[in-house]
Every structure is written in C-alpha cells, then in structure tokens.
Amino acid sequence: MATENLKLIEPDESMLEELAEFLAEYGDASRNVEGMWWVAEGGPEETVRRCRECAQGIGLPEGFVPSTTYLLVREDGTILGAINLRHWLNEALRNYGGHIGYSVRPSARGQGYATRMLALGLQKAREREIDRVLITCKKSNPASARVIEKNGGVLEAEKTALLEGKPIAFLFYWIELETDSDSRRHER
C-alpha cells in the first residue's frame, strides 16, 4: 500500500461501473455506514448526482451542511474507500458527526488505506481553509481511533449519543491544520 499511487477524486459518470461494485460490496448496509449517508437508493448515477448537489448545498436534508464526497482510488480505477468532508460545523455536527466521515470497503480494510485516505482528506480540508477539524468515531471502533491518532488527532472528550434509541459512546478528536494562509503568515 505504501508505494501505491492513491488519490481522492469526486465521483463522476466515468466511474459508474466501479462505483456500483464498490457500493455492492457494502450491500444494503451502505446507507448505514459512517460517512456514507450520501449513497442514493437510485444506484451509482443517482449517487453521483447527489454528491454534486451536496457539495453545492442543493437539496440537503434538514440539519445538513454542504459536504464534498471523495473516493479513494488506485491508479487502476479501483475505489478503495470514501470520505465525506463537511464544509463547516453546525450544532448537530459539533455534537456527533464532525467535519469528516469515512469508510474503507470491506475487502480493503486493515491495509492502511483509511490512514492514507484521512491524510488526503485533511489536505482537502486545508484547501478549504479549515484550520481545525473535528472527527468522531465510536469508542467500540479502536481501528478508527488509531487512524485519527496517526493523523494527529488529539482526544478531547468521550460523549454518549442516542442512535436508534441506544446509547453509543463516541470519541471526539480535534486535528489542528496549518492552512496555506497560515504558512504564508509564518514565511513573513
């Protein structure tokens, strides 16, 4: 994995077949996976459309903010994961979801892709001039906590949220980013 050329790209019509395979690997559960709320029931075409609209803030469900979905893609076009970058935090995101949600396809887990994908996602946050990123994960997901910590995440708190009527413990991490404007300020 370390030597692979990986990139984050926004989903488009050129990748419908691969996107269908990626989503099929999750099955119907894809819409319940952290960071994959953007998956549309209408299949890959509808999912691409929905991603574009969400990035522009069009047709968002109540309480949602604009967000950009990126796919982690190998040189051969294989989609390995998805990461969703929320453009800003509202009250709900401060208390539960944070700036970033991500998932690696089941067959690619445990190979370091989540760590690389989050690093690339943090670059996208820098480009949006987000200088402090909140990322949450379930306490019961130590692999995700390690990914966040490897990318500079500092644990701020543990909070409990009700999901489907059940209390779930979440870990809240902050990652400080230096944006381009910060680095220019340091160069002066």
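Here, residue 1 is the first one in the sequence, and each next residue gets the next number.
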For the student: nearest non-hydrogen atoms of [X] and [Y], plus distance:
X      : Y      : result
Phe170 : Lys138 : CE2-CG, 3.6 Å
Leu162 : Pro167 : CD2-N, 3.6 Å
Leu71  : Ala82  : CD2-CB, 3.8 Å
Glu4   : Arg74  : OE1-NE, 2.6 Å
Ile100 : Leu122 : CD1-CD2, 4.0 Å
Thr69  : Cys51  : CB-SG, 3.9 Å

Interatomic spacing from [atom1] in [X] to [atom2] in [Y] - rounded to 0.5 Å:
X      : Y      : atom1 : atom2 : value
Asn95  : Leu89  : CG    : CG    : 10.0 Å
Thr136 : Ile148 : OG1   : CD1   : 7.0 Å
Tyr173 : Asn151 : OH    : CG    : 12.0 Å
Arg94  : Leu134 : CZ    : CG    : 9.5 Å
Leu72  : Ile83  : CG    : CD1   : 8.5 Å
Cys137 : Arg146 : SG    : CZ    : 10.0 Å

| Which residues share a side-chain contact (heavy atoms from CB on, under 4.5 Å) with Glu158, sequence neighbours left out |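 side-chain contact (heavy atoms from CB on, under 4.5 Å) list for Glu158, sorted by chain: Lys139, Ala169, Leu171.
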| Are the side chain of Asn90 and the backbone of Gly63 linked by a donor-acceptor contact shorter than 3.5 Å? |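 Yes.
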| Do the side chain of Arg105 and the main chain of Ile79 share a donor and acceptor less than 3.5 angstrom apart? |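 Yes; at least one donor-acceptor contact below 3.5 Å.
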| said: If you apply the rule side-chain contact (heavy atoms from CB on, under 4.5 Å), what do you find for Val73 with Glu18, and how did you get there? | reply: CA-CA 10 Å; Val73 180; Glu18 179 58 32; over 6 Å; no
| message | Taking the side chain as everything from C-beta on, heavy atoms only, tell me whether Tyr70 gets closer than 4.5 Å to Leu120. | response |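 They are not in side-chain contact.
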| said: Does any part of the side chain of Arg86, heavy atoms only, come nearer than 4.5 Å to the side chain of Asn84, both counted from C-beta? | reply: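 When only atoms from C-beta onward are counted, Arg86 and Asn84 do touch, with a gap below 4.5 Å.
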| side chain to side chain donor-acceptor pair (under 3.5 Å) partners of Glu156, counting only residues at least two apart |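 Partners of Glu156 by the side chain to side chain donor-acceptor pair (under 3.5 Å) criterion, ordered by chain and then number, come out as Trp174.
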| said: I'd like to know if Val154 and Val133 are part of one continuous hydrophobic network [Ile/Leu/Val/Met/Phe/Trp/Tyr, side-chain heavy atoms within less than 4.5 Å]. | reply: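 Different clusters: Val133 never reaches Val154 through Ile, Leu, Val, Met, Phe, Trp or Tyr contacts under 4.5 Å.
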| query | Would Ile58 end up clustered with Leu85 when hydrophobic side chains under 4.5 Å apart are linked, directly or stepwise? | reply |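 Unlinked, Ile58 and Leu85 end up in two clusters.
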| field | Thr68 and its side-chain hydrogen bond (donor to acceptor under 3.5 Å, both in side chains) partner, picked from His87, Lys124, Gln56 | value |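 The option that passes is His87.
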| task | Inspect the surroundings of NZ in Lys159 and state if more than 12 heavy atoms from other residues, nucleotides or ligands are less than 6.0 Å away. | result |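 Enclosed: over 12 neighbouring heavy atoms sit under 6.0 Å from NZ of Lys159.
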| message | Between Glu25 and Arg109 (salt bridge meaning N to carboxylate O under 4.0 Å), is one present in this structure? | response |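 Salt bridge: no.
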| query | Is the shortest side-chain N to carboxylate O distance from Arg52 to Glu13 below 4.0 Å? | reply |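 Answer for the salt bridge query: yes.
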